[in-house]
Structures are given as structure tokens and as C-alpha cells.
Undergrad: 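Can you read through this structure? Questions will come right after.
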Amino acid sequence: MKNPIQRITDFTARVELELGDSLSAVLKTEEIVSRRVLQAFHSARVSDVHLRGSTGYGYSDTGREALDKVFAEVMQAEDALVRHTMVSGTHAIATALFGVLRPNDVMLSVTGAPYDTLEETIGARGAGCGSLMELGVQYRQLELLPDGTPDYEGIASLAKAVKVVYIQKSRGYSLRKTLSTADIERIALTAKKANRDVIVIVDNCYGELVEPNEPCYVGADLVAGSLIKNLGGGIARTGGYIAGRRDLVELCAYRLTAPGMGKEVGCTLDTLRELFLGVFLAPRAVSEATRTAILAAGMFYNMGFDVYPLPSEPRFDIIQSIVCQDREIMLSLCRGIQACSPIDSFVAPEPWDMPGYADPVVMAAGTFTQGASIELSADGPMREPFAVWLQGGLSYAMSKNMLMGTVQYMLDEQSLDLDRLT
Ligand SMILES: *Cc1c(COP(=O)(O)O)cnc(C)c1O
């Protein structure tokens with residue numbers, strides 16, 4: 001009888017071997033997007049002076065301008081707005097929506113309910129916050145079909161009377177499929193065929209650089225996301241970005257600063273070096289994280305958990321959902337990840353009422369940047385089916401150790417049985 005540690009090591013090695021093709025496909029994509037990122041640095045003629053930053057109004061901050069150029073090219077867009085003063089992905093997406101929508105305009109979400117924190121931005125939940133709906137924007141929602149694909153017929157018939165078609169690429173705290181760039185292309189084509197003025201906005205969180213091409217390459221007009229996810233490369237300590245059509249990015253900038261000021265202001269303090277370095281390393285971070293997700297899928301699938309996506313399915317974001325079906329197993333998994341994390345390994349995560357979320361959320365994030373989910377982290381709302389959303393991992397080798405440690409932790413807590421490691 002082998003000891004548990006040997007069993008975990010052998011089990012993980014076997015799973016990894018089976019996943020060989022999926023893992024190496026990720027490395028191919030990493031090469032493709034790395035080329036684009038490097039080219040973006042050359043096009044923007046990024047220079048040593050650009051790394052220094054500015055104070056006060058930040059007039060003529062050439063570093064800020066070069067950073068916007070780099071992000072625009074990386075996101076295959078005309079222009080971009082990248083600021084450390086965007087506090088999160090929600091802030092970036094809200095800035096895009098408020099930037100573009102006006103009273104009486106209609107916003108149509110074509111991927112069902114938006115991410116939890118955006119319900120209050122839109123006004124579907126909470127009142128008195130100055131949501132889009134309170135300002136007279138009308139909100140409509142088209143559910144995904146039962147097989148998880150977009151309702152293209154519905155989009156074609158509703159898009160006529162709509163100003164914004166809103167797409168959430170990644171799954172959020174749901175078990176639906178993540179949309180691919182090809183899915184987004186078809187939505188954009190369908191919507192624009194019905195209404196050529198429609199503006200397609202994509203919540204791009206967790207999707208960046210996972211595929212060779214980004215949404216703006218295939219017809220999206222604006223994308224937005226967080227810099228403590230993919231595009232910060234694990235280096236950015238805060239921030240958000242918006243990229244897309246130049247005229248629309250300008251409207252977003254008016255919303256972020258003030259009408260008439262827009263992109264011309266906003267000092268960068270000492271953040272430029274880390275934002276440049278972050279986006280430079282982003283293809284690498286996304287690759288490590290995606291391979292971590294694949295390994296986690298393989299391990300938990302083989303231990304009898306339902307996992308989304310399946311280990312060998314193509315990936316369009318860095319997220320791995322693991323369904324625990326049980327509150328205690330879910331908490332044990334999160335405690336295990338926390339216990340194996342580099343920071344705060346000695347604390348146990350507890351569910352809490354996080355701002356913007358309807359249910360208590362448990363979050364294991366023993367990360368260098370608070371809540372950074374490009375670092376290995378696991379979280380989920382405390383509700384059926386008690387699923388954990390696992391993401392990140394700046395180093396595949398490190399993540400592999402952390403996942404094996406988590407299995408060991410769960411065995412120790414008896415939330416997992418050794419017989420499952422077959
Ligand atoms: C993370 C995320 C957001 C934004 O979340 P923040 O915590 O505000 O950065 C929005 N949509 C999706 C799908 C996400 O995964």
C-alpha cells in the first residue's frame with residue numbers, strides 16, 4: 001500500500017500525461033499572442049521615459065499615451081483607455097456602459113443575466129445608486145438557449161430597436177459555456193445585419209489572450225476588463241482597461257474623467273512600469289493559468305467531480321468550475337487552496353457579504369495582490385450546486401504543487417476519500 005503523498009504524485013502524473021495535447025495547444029496560442037504583444041511595444045515605440053509616470057493633472061503624459069497604444073494593438077482595437085484609477089473590472093465595464101448609453105436607449109444583454117456585480121450597475125438589483133435604469137436606460141435580456149449557445153434568431157429580431165448589444169464572454173458564477181471569439185463574431189454579425197448602428201460591448205474579463213484573436217477583431221465595438229486578471233500579467237496591482245472604436249473609447253474617457261477632458265488628463269504616478277511589464281508578461285501568465293485550469297479539470301474530473309469545461313474541451317477563458325454539490329466539500333476545497341497559497345497560508349477563508357454580490361461569497365486568494373484572480377485562487381457564492389470557480393496560477397509548476405497540496409488537505413479534512421484517486 002503506497003502512502004497518500006505517493007498516491008497523489010502518481011495520480012497527478014497520470015492525469016498530466018493524458019492531458020498532453022490540451023496542454024501543448026495552450027503553448028501554441030501563447031506564441032501567437034506573444035508576437036502581437038511584442039509588436040505592440042515596437043509600434044508604440046515604448047521607451048525608458050515612458051516607464052516613469054506623471055503627477056497632478058498628468059498633461060502630456062507620453063507614457064500613458066504609449067500604454068493606451070500598446071493595449072489597443074494587443075486587443076486588436078483602434079484605441080484603448082488603460083488606467084490604474086479604474087478600481088476593478090466592474091468599474092471598467094460600468095464606465096463603458098455609462099459612456100455610451102443615454103436616456104431611453106435600450107441595452108440588450110444576449111448572454112442572460114450579467115455578472116453579479118453588474119446587476120446593480122444596470123439596475124436589475126438594488127435601488128438609489130444611480131443605475132443605468134434609474135437614468136432612463138431600458139434593459140432587456142435574452143437568455144442563452146438550453147444548450148448554452150446564443151439565441152441568434154432572438155438577436156436578429158430584437159437588435160433593430162437596440163443601442164447596445166451586451167455580451168459577457170466568460171461564465172461568471174454560472175456553469176454555462178464561455179463564448180469563443182467565433183461565437184462573438186456571429187453575434188456581432190447577426191446584430192449588425194439587423195441594425196448597422198448597433199454597438200457591441202463585451203465584458204471580456206478572463207477571456208483576454210486565451211485565443212489567438214480578440215473580440216474587436218471580429219466585430220465587437222468595445223471590450224472592457226480588469227488588470228488584476230489576465231492583462232495585468234500578475235504584475236499590475238490594480239486597474240482596468242477599455243478598448244475599441246476610437247469615438248466610443250473617447251466617450252468612455254469623458255465618463256471616467258469629465259466631459260471635455262477625457263483622455264487628456266489622469267496622472268500615472270509610479271504605475272506605468274508595472275502596467276507595461278504586466279501586459280508584456282500577460283501572454284505568459286494566461287498560458288500558465290490556462291494550463292493550471294486544464295490540470296485542475298483533469299484531477300477533479302478523475303476524482304469524480306463534475307467539471308466545466310471538461311479537461312479536453314477547448315478553452316476560451318482561464319476559469320475552471322468544479323461542482324462540489326456540498327457546502328462542506330466546497331469550503332474544504334477553498335481552505336485547501338488557501339492553505340497551499342504563498343500568502344496567508346495559515347488563515348481559513350470564510351463566506352462573507354462582498355460588495356456587489358447577492359449571496360455570501362467564499363474566496364481563497366492567498367495572493368500578492370488582494371483578490372487578484374490571475375494568481376491561483378478559488379471562489380464561489382454559497383448557493384446550490386456549491387461550485388467552486390478556480391482560476392489563475394502564475395506558474396504551472398507552482399500551481400501543480402498547490403493543487404496536489406489541496407488534494408492532500410482535503411484528504412486530511414476527510415472531505416475527500418483516498419479511493420477517489422484512481
Ligand atoms: C471578474 C469579472 C467581472 C468584474 O469583476 P471585478 O471583481 O469587478 O473585477 C465582470 N464579469 C466577469 C464575467 C468577471 O469574471
Side-chain angles (χ1 to χ4, degrees), residues 82-98 107 109-122 124-126 129 132 141 144 148 166-180 183-184 201-210 214-215 220 222-234 236-243 256 278 285-286 289-290 293 308-309 315-321 352-359 361-365 367 369-381 387-392:
V82 187
R83 296 295 181 272
H84 76 276
T85 47
M86 288 194 216
V87 302
S88 67
T90 303
H91 187 191
I93 295 161
T95 302
L97 292 171
F98 278 101
M107 164 184 176
S109 167
V110 298
T111 43
Y115 188 72
D116 302 49
T117 57
L118 285 151
E119 289 179 355
E120 280 174 88
T121 298
I122 292 165
R125 181 164 56 82
C129 317
L132 287 166
Q141 187 169 304
L144 293 165
Y166 179 78
I167 301 170
Q168 182 183 305
K169 181 174 179 24
S170 183
R171 71 200 61 197
Y173 287 133
S174 87
L175 298 174
R176 69 144 165 104
K177 287 196 174 105
T178 289
L179 299 193
S180 66
D183 296 326
I184 291 171
I201 301 184
V202 179
D203 168 354
N204 208 22
C205 282
Y206 289 131
E208 301 95 347
L209 308 185
V210 177
E214 292 296 319
L222 278 180
V223 291
S226 165
L227 296 188
I228 62 169
K229 295 180 179 173
N230 301 16
L231 286 187
R237 285 169 299 168
T238 184
Y241 79 92
I242 296 170
L256 182 69
V286 168
T290 309
Y308 302 90
R315 305 255 153 187
F316 311 123
D317 66 13
I318 64 167
I319 310 283
Q320 183 58 48
S321 318
W352 66 298
D353 291 309
M354 278 176 41
Y357 294 85
D359 296 293
V361 174
V362 63
M363 189 167 273
T367 51
T369 293
Q370 188 194 90
S373 40
I374 187 68
E375 300 179 52
L376 186 61
S377 50
D379 45 68
V388 168
W389 281 260
L390 184 118
Q391 62 273 313

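Because only heavy atoms are used, hydrogens play no part in the values below, and waters and symmetry mates are left out as well, while side chains stay in. Indexing begins at 1, ligand by ligand and atom by atom, following the structure's order.
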Undergrad: Pair up each side-chain donor or acceptor in residues 226-233 with any protein partner under 3.5 Å, not counting sequence neighbours, and list the distances.
TA:
| from | atom 1 | to | atom 2 | distance (Å) |
| --- | --- | --- | --- | --- |
| Ser226 | OG | Ile228 | N | 3.1 |
| Asn230 | ND2 | Tyr206 | O | 3.0 |
| Asn230 | ND2 | Glu208 | O | 2.9 |

Undergrad: Is Gln320 reaching over with its side chain to a backbone N or O of Tyr308, donor-acceptor style, under 3.5 angstrom?
TA: yes
Undergrad: For Thr90, enumerate each residue passing the side chain to side chain contact (heavy atoms under 4.5 Å, CB included) test, keeping only those at least two apart in sequence or located in another chain.
TA: Ser88, Thr117, Leu118, Thr121
Undergrad: Test of understanding: with side chain to side chain contact (heavy atoms under 4.5 Å, CB included), list the residues that count as partners of Leu144, not counting sequence neighbours.
TA: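 With neighbours one apart ignored, the set is Thr111, Pro150, Arg176.
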Undergrad: Run through ligand 1 for me and note each protein residue having a heavy atom under 4.0 Å from it, chain first, then residue number.
TA: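 Its neighbours under 4.0 Å (heavy atoms only) are Ser88, Gly89, Thr90, Ile93, Tyr115, Gln168, Asp203, Cys205, Tyr206, Ser226, Lys229, given by chain and number.
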Undergrad: So, are Arg171 and Asp317 salt-bridged, with charged N and O less than 4.0 Å apart?
TA: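 Yes, Arg171 and Asp317 are salt-bridged.
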Undergrad: Check the angle between the aromatic planes of Trp389 and Tyr173 and answer parallel, tilted or perpendicular using the 30° and 60° thresholds.
TA: perpendicular
